[in-house]
Amino acid sequence: MQTLRQFLSPAPSRGFRYRRLPSTSRIPSTARHNSSHARNLHHQTPFHSSAAEAPQQQQYPDPLPSTNPALSFPCLDHVETRSATLSRRAPGAGPEPSYTTGRTDTFHSTDPLLLDWGGILPSFAIAHESWGTLNADRSNAILLHTGLSASSHAASTAANEKPGWWERFIGPGRPLDTERFFIVCTNVVGGCYGSTGPGSVDPANGERYATRFPILTMEDMVRAQFRLLDSLGVRRLYASVGSSMGGMQSLAAGTLFPERVGRVASISGCARSHPYSIAMRHTQRQVLMMDPNWNRGFYYDGIPPHAGMKLAREIATVTYRSGPEWEQRFGRRRADASRPPALCPDFLIETYLDHAGEKWCLEYDPNSLLYVSKAMDLFDLGAEHREMIAGLRGKNQYKLDAYRQGETLETAEAADLCTLTLPETPYQETGDAEATLEEAAAADIGASDEPPADLVAGMRPLADTPTLVLGVASDILFPSWQQREIAETLRKAGNKKVMHVELGVEQSMFGHDTFLLDLENVGGALKRFLER
Ligand SMILES: CC(=O)SCCNC(=O)CCNC(=O)[C@H](O)C(C)(C)COP(=O)(O)OP(=O)(O)OC[C@H]1O[C@@H](n2cnc3c(N)ncnc32)[C@H](O)[C@@H]1OP(=O)(O)O
């Protein structure tokens, strides 16, 4: 298998020649691989070349002294060491880490789930945890939706005392008050913390789905969650609450099941993904998929693509925080100013990103990242998109019927779902630049106050649902114009119970991660909304 360094470093050219070295003069592997200057010198140097003289032992590049020493790359060495450690794991145990944050409850649905883009899950599991007590008439339930990669472990429980990702927000008297509400949080379908996802076993063949897992959407995740609610006997939620991707799901829940959702809270979410956020997720998916260990998703018996995951997380972290925060925290300081600059992480902001990637690269299933991140890109509550999906669901209903009757469909029937190729004719921009700019200005709700008609029509099911929309001015991933857009869209659709809160930079410089960090402003607004 190709090592990361082989993957990243140019291979020696065809004309590159070797000569035998005395063992004492072998140069360190790092220098061997990186001394391109030395390589250039090789071409001007006479070598042993006849077959008779050809050395039988392993050959090494010419160690002639270079003008400058080769740099060292501890960041690459570290990644290679991790690959080696992972490959040495006990045979049979598999190098694939098991993704878990502790004990959860699991709901199993044996009724097949038809997904928006035509895929089918013949059965599925939803891992969930809960806090507080469901009241007698089951009217105090709050469904808490997670961000992209979070588990159902939002707060510590008796079964799992480890702090959860919203630990300070859940408990007696807290924003999600466990003395009043029964809060349930799930790991989404597509995830890897106990719910069915690409790492799960396909009942059709007993193998892991890997990239045979179907494309899914926010709405698919929500439909699966409502199956869980059915099993808990919860007909109507007191509220649907979520941040980031959870903010998308919260709106999706209210739009899909308006009669079953009493209130919607969407924090740092959006009504549809915008091109910049799609672009940023695209780059994460691409670096991950370019890691040779990803192996088109079939890595479960091999080394997981931890290098790609690390880089993906670093890019994601750039979108989760803000420049002004980093200006304050790190400025232009280097980790060790007494040493010469390095190509590996050097500035504090670099070591910070490196640390974020290191910490996470084995914490989440890479295939789950791809699928869930894509589902975020596909999110669009506009009427045109919703109608298109409704049509598709109608067309694919036969699949659900077939599965319910115990029939299995030929895989070939789904083949048309995954053959997207780039068109042969290069894309031509349409419309004049001025009109495009005007449209862009109109999309800035702050400037025009006129939300897109398509979105107003698509979100009309939420016209009567009290809704909290919270945005953060320092957020570059879900910029605050998107939450303004949600609020104005809902108002235009006739909703008179919209509470819109925008936290300025003076309140939070934490960017998108504000929802995880700002108990006072985010938690405070949520508590006021839920208890009024
Ligand atoms: C898109 C969606 O749907 S949801 C996306 C939501 N966001 C995420 O998933 C990102 C999650 N964010 C995190 O995990 C964050 O760590 C949080 C929010 C939990 C906590 O944030 P903070 O308290 O500000 O911690 P921060 O992110 O700065 O990280 C601190 C860590 O960085 C380390 N660190 C800080 N500065 C540096 C530096 N210059 N170099 C190296 N390491 C550093 C600290 O030592 C600490 O390490 P540790 O976690 O191993 O103890």
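In listed order, ligands and their atoms are each counted from 1.
- Under 4.0 Å from ligand 1, heavy atoms of Tyr352 appear from its side chain as well as its backbone.
- Scanning all protein heavy atoms for the shortest distance to atom 48 (P) of ligand 1 gives His355 NE2, 3.4 Å.
- Less than 4.0 angstrom separates some heavy atom of Lys359 from each of these atoms of ligand 1: 48 (P), 49 (O), 50 (O).
- Because its NZ or CZ atom is not both nearer than 6.0 Å to the ring centre of Phe379 and within 45° of the ring axis, Arg272 does not count as a cation-pi partner of that residue.
- Considering Gly147, Ser244, Gly511 only, the shortest heavy-atom separation from atom 2 (C) of ligand 1 involves Ser244.
- When hydrogens are left out, the protein atom nearest atom 39 (N) of ligand 1 is Leu348 O, 3.0 Å; that is the closest non-hydrogen contact.
- If you look at Thr317 next to ligand 1, there are no close heavy atoms at all, none under 4.0 Å.
- Of the N and O atoms on the side chains of Asp354 and Thr351, not one donor lies less than 3.5 Å from an acceptor on the other residue.
- Remark: Trp360 pairs with Tyr364 by the ring-ring contact (aromatic ring centres under 6.0 Å, His included) rule, at least two apart or across chains.
- The shortest contact between atom 20 (C) of ligand 1 and any protein heavy atom is with Leu517 CD2, 3.9 Å.
- Look at Glu350 and you'll find every heavy atom at least 4.0 Å from all atoms of ligand 1.
- Scanning the protein for heavy atoms near atom 41 (C) of ligand 1, the closest one is Thr351 O, 3.3 Å.
- Annotation: cation-pi pair Arg333/Phe347 absent, no NZ/CZ under 6.0 Å from the ring centroid and within 45° of its normal.
- The presence of a protein heavy atom under 4.0 Å from atom 51 (O) of ligand 1 is ruled out.
- Atom 19 (C) of ligand 1 has its closest protein heavy atom at Leu516 CD1, 4.9 Å.
- Contact annotation for Phe330 and ligand 1: only side-chain heavy atoms (C-beta onward) come within less than 4.0 Å of the ligand.
- A salt bridge is absent between Arg339 and Asp346; no separation between the charged side-chain nitrogens and carboxylate oxygens falls under 4.0 Å.
- Atom CZ of residue Arg386 and atom CG of residue Asp116 lie 10.0 Å apart, to the nearest 0.5 angstrom.
- When hydrogens are left out, the protein atom nearest atom 11 (C) of ligand 1 is Arg313 NH2, 3.7 Å; that is the closest non-hydrogen contact.
- With atom 28 (O) of ligand 1 as the reference point, the heavy atom nearest to it among His512, Arg333, Arg329, Met248 is part of Arg329.
- An N or O contact shorter than 3.5 Å links Leu148 to ligand 1 by distance.
- The shortest N/O to N/O separation between Met245 and ligand 1 falls below 3.5 Å.
- The distance criterion of under 3.5 Å between nitrogen or oxygen atoms is met by Asp513 with respect to ligand 1.
- With hydrogens left out, the protein atom closest to atom 25 (O) of ligand 1 is Arg321 NH1, 4.5 Å, a heavy atom.
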